[in-house]
Amino acid sequence: MEIGSQTSQSLMIERIANLPREIFQAQSDMNSKLLKLNVEAQVNAQASEGRSRLLDLYV
């Protein structure tokens with residue numbers, strides 16, 4: 001029973017030790033997704049503005 005307890009405790013300590021890296025990776029992934037969405041929104045806004053200007057020229 002002692003070996004199983006030590007193994008479980010060792011795995012828990014390893015998991016806790018890896019948490020900062022996992023948190024950093026999650027934040028990095030989220031930042032990448034937000035940046036991509038922001039760029040996509042800006043491109044869509046510029047395209048919409050361009051279409052609006054073209055329509056203004058024809059009206």
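Note that the structure is predicted; figures quoted are calculated from it, not measured. We count residues from 1, following the sequence as given.
Note: Asn38 CG to Asn31 CG = 11.5 Å, rounded to the nearest 0.5 Å. Residue Asn18 holds its CG atom at 11.0 Å from CD1 of Ile23, rounded to the nearest 0.5 Å. Atom CG of Leu37 sits about 10.5 Å away from atom CG of Asn44, to the nearest 0.5 Å. In this structure, CD on Glu49 lies 4.0 Å from CZ on Arg53, to the nearest 0.5 angstrom. Atom CG of Leu35 sits about 13.5 Å away from atom CE of Met30, to the nearest 0.5 Å.
Using modelled atom types, one side-chain atom of Ser32 and one backbone atom of Ser28 make a donor-acceptor pair closer than 3.5 Å.
Between Glu22 and Arg15 the shortest side-chain heavy-atom distance falls below 4.5 Å.
Salt-bridge annotation for Lys33 and Glu40: absent, with no side-chain N of the basic residue lying under 4.0 Å from a carboxylate O of the acidic one.
Remark: of the listed residues Leu55, Asp56, Leu54, Asp56 is the sole one forming a side-chain contact (heavy atoms from CB on, under 4.5 Å) with Ser52.
Other residues, nucleotides and ligands contribute at most 12 non-hydrogen atoms within 6.0 Å of the CD atom of Gln9.
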